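Written out below as structure tokens is the structure these notes cover.
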Protein chains: 2
Amino acid sequence: MSEAADLLAEAPAYRLDEQVGFILRQVQQRHAGIFAAAFGDDLTAMQWAVLAKLAERGEGSQNLLGRLVSMDVATVKGVVDRLVKRGLAETGADPDDRRRVVVRLTGAGREFYRANAAKALRVTDETLEPLSERERGQLLGLLRRLR
Amino acid sequence: MSEAADLLAEAPAYRLDEQVGFILRQVQQRHAGIFAAAFGDDLTAMQWAVLAKLAERGEGSQNLLGRLVSMDVATVKGVVDRLVKRGLAETGADPDDRRRVVVRLTGAGREFYRANAAKALRVTDETLEPLSERERGQLLGLLRRLR
DNA sequence: CGGAAATTGTTAGTACACTAACGATCGCCG
DNA sequence: CGGCGATCGTTAGTGTACTAACAATTTCCG
């Protein structure tokens with residue numbers, strides 16, 4: 001009974017504003033804005049991610065670090081370079097593997113982390129501000145499954 | 001009864017992997033991968049977004065176009081330049097306002113849109129593949145409120 | 001042991017993404 | 001009408017992001 005109707009529905013409407021990819025980018029943009037407002041010229045979100053991971057896990061090779069923060073090896077290099085230039089991280093040789101470059105936080109890096117972890121949490125909070133506690137959990141649960 | 005416990009909880013744990021911003025970036029990465037697998041070297045997601053918007057709305061100034069796709073004015077220029085170089089769009093002067101650059105699709109651009117809209121829909125579909133129909137609606141609803 | 005395969009990091013090239021500074025033009029208001 | 005603020009586009013500079021090609025090692029396997 002619905003076969004004729006199916007024929008009429010042949011051209012599925014493509015509306016950019018309804019595509020996940022598009023909305024995702026807009027949400028990312030808003031988050032980036034909130035982060036920038038909180039951290040100003042101190043650090044970008046990527047640099048903070050690497051710093052936080054180093055604080056969590058101690059030192060590690062660039063490669064491992066890249067995997068932990070879901071960043072390309074070529075990209076992580078640039079981020080680490082900038083952290084080193086800001087004096088928050090330092091690199092050294094791995095005695096066991098001469099290919100490796102070990103990255104670790106400096107004292108200033110650990111200090112920066114301690115001083116700003118609460119602020120970083122507020123960035124997350126402000127990003128999710130339009131949602132109730134229950135909705136936040138829902139959203140995170142759904143997003144995690146799309147990773 | 002819980003006041004003593006509250007004092008112990010003073011340092012809120014910051015776990016990178018639980019922050020929306022971080023998860024959001026991972027989901028974006030997966031989506032970008034799916035898009036690239038579908039469109040290969042033909043077009044990036046951004047270029048497709050501009051193309052689709054032009055197909056939806058007809059011609060418009062670079063500035064307007066930027067607003068419609070949530071893209072910086074400086075960024076949109078580069079994207080439009082690349083579409084022009086690929087022969088999918090063209091620019092012209094606005095007779096009413098000599099500051100403006102009007103952007104519109106070429107015949108090849110319209111043709112490309114028609115030929116690929118269904119594929120673009122499949123990219124969205126594959127991105128959301130791990131979720132049920134109901135969950136997809138939930139996710140989009142939540143994300144939209146974070147724009 | 002020795003050589004092929006895999007891993008690690010670097011560099012170059014392309015494509016977003018945003019800020020700031022600039023010049024050209026438009027529109028409004030006195 | 002005349003000027004001044006707002007808008008539009010371009011350019012330069014910084015920071016992700018990914019691919020491809022490459023060199024230096026290390027590892028594994030015959």
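Remember, predicted model here, so these are calculated numbers, not experimental data. Chain naming here is simple, since letters A, B, ... match the order of the sequence lines and numbering starts at 1 in each.
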**Study point:** Intermediate values then yes/no, side chain to side chain contact (heavy atoms under 4.5 Å, CB included), B/L139 and A/L139
**Key:** CA-CA 6 Å; B/L139 178 69; A/L139 177 68; 3.7 Å; yes

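For A/V101, the side-chain atoms get nearest to C/dT10 when compared with the rest of C/dT10, C/dT19, D/dT26. Of the candidates C/dC18, D/dC18, C/dG9, the closest approach to any side-chain atom of A/N63 belongs to C/dG9. With distances taken from any side-chain atom of A/S61 to the nucleotides C/dG9, C/dT10, D/dT26, the minimum falls on C/dG9. Residue B/M46 places its side chain closer to C/dC16 than to any other of D/dG15, D/dT19, C/dC16. For A/R25, counting side-chain heavy atoms from C-beta on, the closest listed nucleotide (D/dC8, D/dT11, C/dA17) is C/dA17. In the set C/dT8, D/dT19, C/dT25, C/dT25 carries the atom at the smallest distance from any side-chain atom of B/R99. Side-chain proximity of B/D97 to the nucleotides C/dG9, C/dT25, D/dG15 is greatest for C/dT25. Considering only side-chain atoms of B/Q47, the nucleotide from C/dA15, C/dT25, D/dA17 that sits closest is C/dA15.
Between B/Q28 and D/dA17 there is no side-chain polar atom (N or O) within less than 4.0 angstrom of OP1 or OP2. Residue A/R86 places none of its side-chain N or O atoms closer than 4.0 Å to OP1 or OP2 of D/dT14. Considering only side-chain N and O atoms, B/R82 lies under 4.0 angstrom from the phosphate OP1 or OP2 of C/dC16.
A salt bridge links A/D125 to A/R136: at least one charged side-chain nitrogen sits closer than 4.0 Å to a carboxylate oxygen. Note on A/D17 versus B/R144: no salt bridge recorded, every NZ/NE/NH1/NH2 to OD/OE distance being 4.0 Å or above.
Formation of a donor-acceptor pair under 3.5 Å by the B/R122 side chain with backbone atoms of B/A38 is not found in this model.
Using a 4.0 Å heavy-atom distance criterion, A/T75 is classed as a base contact.
When each of B/V73 and B/K85 is assigned the nucleotide of DNA chain C bearing its nearest heavy atom, the one mapping closer to the 5' terminus is B/K85. Nearest-nucleotide positions on DNA chain D for A/R98 and B/R100 put B/R100 closer to the 5' end.
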